[in-house]
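This report refers to the structure that appears directly beneath it.
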Protein chains: 2
Amino acid sequence: MLTTTSEYAIRALVYIAQQGEDEPVLAREIATNTGVPGNYISKILRDLAHGGILTSTRGVGGGFKLARPAKQIKLGDIVTPFENVAHRNRCPFGNDVCSDDHPCGAHTHYKTVKNAYNKFLDKTTLQAVAQSQLRGPKKTRKKK
Amino acid sequence: MLTTTSEYAIRALVYIAQQGEDEPVLAREIATNTGVPGNYISKILRDLAHGGILTSTRGVGGGFKLARPAKQIKLGDIVTPFENVAHRNRCPFGNDVCSDDHPCGAHTHYKTVKNAYNKFLDKTTLQAVAQSQLRGPKKTRKKK
DNA sequence: TGGAAAGATGATTTTTTTATCAAGATATTG
DNA sequence: CAATATCTTGATAAAAAAATCATCTTTCCA
C-alpha cells in the first residue's frame with residue numbers, strides 16, 4: 001500500500017513531532033529509534049527538507065525540525081515527494097480515462113479503495129498520528 | 001495500490017472470462033488484447049495455472065480456460081499468488097503486533113484503507129468485473 | 001582558527017520487480 | 001510420423017527501488 005520509503009518518511013516525521021518543537025532532532029537518532037537504515041533516512045530527510053516539510057540545520061546542535069506545526073502537516077504532504085500520484089490513481093486496465101462516466105470493469109469496486117486511501121492521506125494529520133502513537137494502546141481498562 | 005503484475009493478472013482473467021467458457025484462449029491473444037507484454041503474460045498465466053485458477057492445454061486448439069466459473073473467482077484469488085499478503089497488512093511502523101488492542105499511531109486511520117482493500121479483493125468476483133467491463137460506460141441515456 | 005559535529009551530495013551496490021530470449025515439452029493434425 | 005501450434009521452463013537482461021559508502025560543506029565552540 002504505502003511504499004517502504006513513504007513508510008520511513010512517516011515514521012521519521014512522527015518521531016520528530018514527538019520530540020517537541022524546541023530542539024532539532026538528529027538524523028542518527030531518528031534512524032535508531034524508527035528502525036530505518038541510517039544512510040537511507042538521511043536522503044529521505046533531505047528530500048523532506050527540500051519539500052518544505054522539514055527545516056535542517058548543520059553543525060553542533062543541528063538536526064531536523066518540522067517546518068510547520070504537526071497539525072498542519074497531512075500524511076499526504078509527507079508521502080507525495082516519494083510517490084507517483086498519477087500512478088496511484090491510474091486505471092488498472094490501463095485506460096487513459098477511467099471515470100464514473102467512462103468506467104473500466106473494476107471501476108466501481110476499485111474506487112472505494114482509492115477513495116479510502118486518498119482520504120487517509122488528505123485528512124490524517126501528523127499530529128493525530130504522533131499523539132495516538134504516544135498514548136499507546138487504547139484507553140480502556142486493562143484486561144485481567 | 002495493485003502491483004503491475006497483479007494488474008496484469010486481473011486484466012488477463014477478465015479477458016478470458018469474457019471469451020465464453022468453450023474454447024481455450026491463447027496467451028498471444030490475451031497479450032494483444034490486454035496490452036500486457038507477451039512473454040511476461042505467459043509467466044503470469046503459468047502461475048495462475050499452478051495456483052489452480054486456470055487450466056492450460058498445449059498444442060493446436062490449446063490455451064487457457066478458467067478452472068471454475070467466473071462467479072466463483074474472487075479478485076483476491078487472482079492476486080494472492082503475486083502479492084505478499086503479510087506485507088500488505090503489515091504495520092507501517094514495523095510493529096510485530098498492530099491490532100485494535102495494540103495499535104500503532106496510524107492504526108485507526110490506516111485501518112480503513114486496509115479494510116477497503118481487503119474487502120475489494122475478498123468480495124469482488126471476476127464475473128462482476130468482466131460483466132461491467134462488457135457493458136461499457138454506464139447505462140444512462142447518452143449525453144447530448 | 002582549527003577540530004568536531006552535524007547535514008549534503010554523488011557514486012556505487014544490492015535487491016526486487018518487470019521484461020525478454022531461447023530452447024524445451026506436449027498435443028494435434030494431416 | 002512429421003510438421004506445426006501451443007504452453008513450459010530456465011537463463012538473462014533491464015529498470016526501479018532500497019541501501020550503502022565516501023567525501024564534501026556548513027556550523028559551532030573551545
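Naming: A, B, ... by sequence-line order, numbering from 1 per chain. Since this is a predicted model, take the numbers as computed values, not measurements.
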Under 3.5 Å, which N/O atoms of the protein pair with N/O atoms of nucleotides 25-30 of chain D?
unit_1: D:dT25; atom_1: O2; unit_2: A:Arg58; atom_2: NH1; d: 3.1
unit_1: D:dT26; atom_1: O4'; unit_2: A:Arg58; atom_2: NE; d: 3.4
unit_1: D:dT26; atom_1: O4'; unit_2: A:Arg58; atom_2: NH2; d: 3.4

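- Using a 4.0 Å heavy-atom criterion, one finds that A:Gly63 contacts the sugar-phosphate atoms exclusively.
- Closest to the side chain of B:Tyr40, out of C:dT20, D:dC7, D:dT9, is C:dT20.
- With no hydrogens or angles considered, no side-chain donor-acceptor pair links B:Asn95 and B:His102 at under 3.5 Å.
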Problem - B:Glu21 and B:Arg68: CA distance, side-chain angles, deciding distance, salt bridge (Lys or Arg N to Asp or Glu O under 4.0 Å) verdict - result: CA-CA 10 Å; B:Glu21 301 185 0; B:Arg68 55 181 191 272; over 6 Å; no
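- Scanning for ring pair (Phe, Tyr, Trp, His ring centres under 6.0 Å) contacts around A:Phe64 gives an empty result, with sequence neighbours left out.
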Practice task
May I have the step-by-step check of side chain to side chain donor-acceptor pair (under 3.5 Å) for A:Tyr8 and A:Thr3, ending in yes or no?
Solution key: CA-CA 9 Å; A:Tyr8 288 170; A:Thr3 66; over 6 Å; no
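- Using cut-offs of 30° and 60° for the angle between ring planes, the A:Tyr110 and B:Phe120 rings count as tilted.
- Annotation: of the two residues near DNA chain C, A:Ser56 and B:Pro37, the 5′-most nearest-nucleotide partner is A:Ser56.
- B:Tyr15 and B:Glu29 share a side-chain donor-acceptor pair at under 3.5 Å.
- Distance CG (B:Leu54) to P (D:dT8): 10 Å, rounded to an integer number of Å.
- In the interface, the side chain of B:Lys43 is not paired with the base of C:dT18 through any donor and acceptor atom under 3.5 Å apart.
- For the segment residues 5-31 of chain B, residues with any heavy atom less than 4.0 angstrom from an atom of DNA chain D are, sorted by number, B:Val25, B:Leu26, B:Ala27, B:Arg28.
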Exercise for the section: List the steps, then state whether salt bridge (Lys or Arg N to Asp or Glu O under 4.0 Å) holds for B:Lys65 with B:Asp22. Expected result: CA-CA 8 Å; B:Lys65 294 173 61 173; B:Asp22 331 346; over 6 Å; no
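- Residue B:His50 is classed as a sugar-phosphate contact, given heavy-atom separations below 4.0 Å to backbone atoms only.
- For A:Phe64, counting side-chain heavy atoms from C-beta on, the closest listed nucleotide (D:dA18, C:dT9, C:dG7) is C:dG7.
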